[in-house]
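Taking it in order: structure first as structure tokens, then the write-up.
In what follows, chains carry the letters A, B, and so on, assigned in the order in which the sequence lines appear, proteins first and then strands, with residues in each chain numbered from 1. Keep in mind the model is a prediction, meaning the values are calculated, not measured.
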Amino acid sequence: MGAGLGLALRIGRRVGTLAIVFLGVTFIIYIAVYALPGDPIRALAGDRPLDESIVEALRVKYNLDLPIWQQYLAYLGGLFHGDLGSDFTGRSVGSLMASRWPVTIALALTAWVMEVLVGLSIGIVQALKKGTALDHGLLALTVLASCVPVFVLGVLLQQLFGVRLGWLPVAGVRDGWPASYLLPAMVIALFGLSAVSRLMRGAMVDNLSADYVRAGRAKGFGQGRIVGVHVLRNSLIPASTYLATDLGYLLGGTVVIEGIFNLPGVGNLLFDAIRTHEGPTVVGVSTALILVFLVTSVLVDVIHVGLDPRLRRA
Amino acid sequence: MTDTGSLLQIRDLGVEFDVDGARHVGVKSVSLDIARGEVVAIVGESGSGKTVTAMSILGLLPKNATVSGSVRFDGRELCGLSERELRGVRGRAVGMVFQDPVAALDPVFTIGFQIGEVVRLAEPRLSGREVRRRSAELLSLVGIEEPAERLGDYPHQFSGGQCQRIAIAMVLAESPALIVADEPTTALDVTVQAEVLDVLRQVKARLDSAIMLITHNMGVVADLADRVVVMRSGEVVEINDCIKLFESPSAPYTADLLAAVPRITAAPREVGESGETQAAASDAAVLDVRGLAVEYRRRPGGRVRAVDGVDLKVERGQIVGLVGESGSGKTTIGRAIIGLAPIAEGQVNVAGRDVAALRRAERQAMRRTVGVVFQNPATSLNPRYSVAETITEPLRRLGGMSRADAAERADDLLASVGLDARWRDRYPHELSGGQRQRVAIARAVALDPALLIADEPTSALDVSVQARVLDVLRDLQERLGFACLFISHDLAVVDSVADYVAVMHHGRIVEQGDRATVLGSPRQDYTRRLVASAPIPDPVAQRARRETWLSLT
């Protein structure tokens, strides 16, 4: 009971801080986007002169006639009702994103699962074969993979698997999941491998020399039980922090990859919105991404507490 | 042909370690026997090879070790067995208890899970419910209360002593014929040590198993062992019956080792000394603590009183021993004196000034009058500073000395702690533990402080080294005449250095007074228990003391 209360308290406190972070960050983004030089209403009209009364009406519609803090409050008010606002062509930002999220989520999760499976496995193998040629070789490979810029890696893989071998589509989402997502996910995962494997290797090496491992061997446990049950769970604690945070990044930060592989995801939407001065869309997408990020940071905590009972106290 | 009485037979055991191509001898030509049901202690200082010997029985040495010779258990050769074959021996034939009981348990699994693992190993056919019942039964055998409920708890929810009991319960699960206990009570408080030794004794009686007890504590040896193997630099120097060893050791090294062990005598010292203390008593106290309370904030708005209502005085030229177990608040008092702990109530007067009322700049000045020596010299010395830099830093920064003057004074200080001036350019990692602690002492007395706080200054050191460091401290105190607050959990050490003793329990001083009175005829129950639980290096007297201790608990 005490443990459950402690956990509730912890999450409660966490949510409180998150609310503050959320307000602060959305405010900064709001200011940054709307304080930019250039009038979005006139930009909308292009070269054609616009009637003053229409400009005025549009300004009122988008709250642009109010001082910026009132604009922000009005926006926040809308957010609480699930309204992310609408862009200057009248489409709701919410529905704009709705069609994009599945693509981004599918990509992020595919990449993340690859990163987890391959990265952790490499780390585990490295730790068990510490100091051998295999350990050094894997280190070199993962570092190399993360050093090559993603657009170079992306184009290389497109060339090899898409054009040369013809195994996977070069770009687009026409083939759906998984075919269309494998290549871009692979690029993202390759980039993240070195961090994951190195964290896992370090944690495993530390834990393999821990007293409880020696004690376990003295009790007559086999290597499988010691490594597979005890060392693994202890070593996952540091790696899980990184992995969960990384999922947050992946859900919001794959603009370049979505661009290279022509995937209509949220990153792509954000990129287009910035290019076309679509303020409401930029703010809307950014806000959604912040929410995703904050949720994953709570997730990190929950996973942490789940893995490490020492944290379960009031 | 084989000796039927002998359970474990080690013959000509040698272990070498390969460190970056160089060979280091761990142990050489070690031969010893352990009979069924016998308790054999292996004693020696750090680096003597006692743990290496024990680890080689179960093949638990690191990969860079090469083993030669023979280890026979119950007639079966263990040296050269494969990992797979050794697994059948580990736990089932030979169980093991480690030094750090908390670290020896996996922090992320419940106790029930971890005991269950061992129970299943011993009796693979038990059902889940039977495993739980057996686990709870094992816990109750080692004296854990409400065993069935506690199976769901994690290691961090138990104290160090309880964790060691749990580790012993796990050994019990496989009922081995030999238990190797590697410093099983070193990490524990004396009262807890006495309890754990008692549990070991009960387990031995129940299983009729032999015990190989590895320890550096002669008191523990006297308490438990039938025979003793003394090791030094990887070799056996003496094997003797326990009582005979303490009465008339055959090897000179054993005699030296026994002589270095401090004992609680509580006997009055020579006349000259006490006369001096009398004279000093008329001076104003250098340290005068009145009604001190220290409070720490706890996360959800609460406060914890670590120290409450403490009155304590240390006069010039006096050594006051502050004793207590871990968590009793003795270190917190030391921290409060140097302004590192939040004082909630009361006064701490050092040389007539109240520490709590000092401003930042004044506090800086006050630091000149207080020297501190910490427990672990390996971490209290800056690894990037040479010995000379370590000692000259306070001289130059707080004492305002010129470079040349400070260097000269540093050499004097080194000489006064018994280190040659040629050590001045060495770095901490090039020094032994005892040498490091001497450097730390030289640094602490560099500014000729009115008060020296020594917080467990010898707890991390071997006994023979401890004896020399205590000599240095006593010698310096006689010459410089500073007041000294000597914080320690070791009653024998306090008995050998202090004039006056204060006993702490749960943040309060339960008893204080003259050393001979407090340690010789304590008035409080807690002090009595504390004194009785520290084992003394005399097997015959220890037996009598154990009876006293059992009657007090």
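- Residues meeting the side-chain hydrogen bond (donor to acceptor under 3.5 Å, both in side chains) test with D189(B), sequence neighbours left out: S326(B).
- Side-chain atoms of R90(B) come within 3.5 Å of backbone N or O of L58(B) as a donor-acceptor pair.
- Counting heavy-atom pairs closer than 4.5 Å to chain A, the top-ranked of the candidates A167(B), A104(B), P176(B) is A104(B).
- Both the backbone and the side chain of A218(A) come within contact range of chain B, with heavy atoms under 4.5 Å apart.
- Taking every heavy atom of both residues into account, L8(B) and M212(B) meet most closely at CD2-CE, 4.2 Å.
- Of the N and O atoms on the side chains of H24(B) and E16(B), not one donor lies less than 3.5 Å from an acceptor on the other residue.
- Neither the backbone nor the side chain of V97(B) has a heavy atom closer than 4.5 Å to any heavy atom of chain A.
- Among A122(B), G91(B), P107(B), G88(B), the residue making the largest number of heavy-atom pairs under 4.5 Å with chain A is P107(B).
- Residue V213(A) does not touch chain B at all, counting heavy-atom pairs closer than 4.5 Å.
- Side-chain atoms of Q164(B) do not come within 3.5 Å of backbone N or O of G161(B) as any donor-acceptor pair.
- Of the listed residues (V89(B), L121(B), L86(B)), the one with the most heavy-atom contacts under 4.5 Å to chain A is L121(B).
- Within the 6.0 Å centre-distance limit, the rings of F27(A) and Y72(A) are counted as a close aromatic pair.
- When heavy atoms are compared at a cutoff of 4.5 Å, E117(B) approaches chain A by way of both its backbone and its side chain.
- Heavy atoms closer than 4.5 Å to chain B are found in the backbone of L307(A), but not in its side chain.
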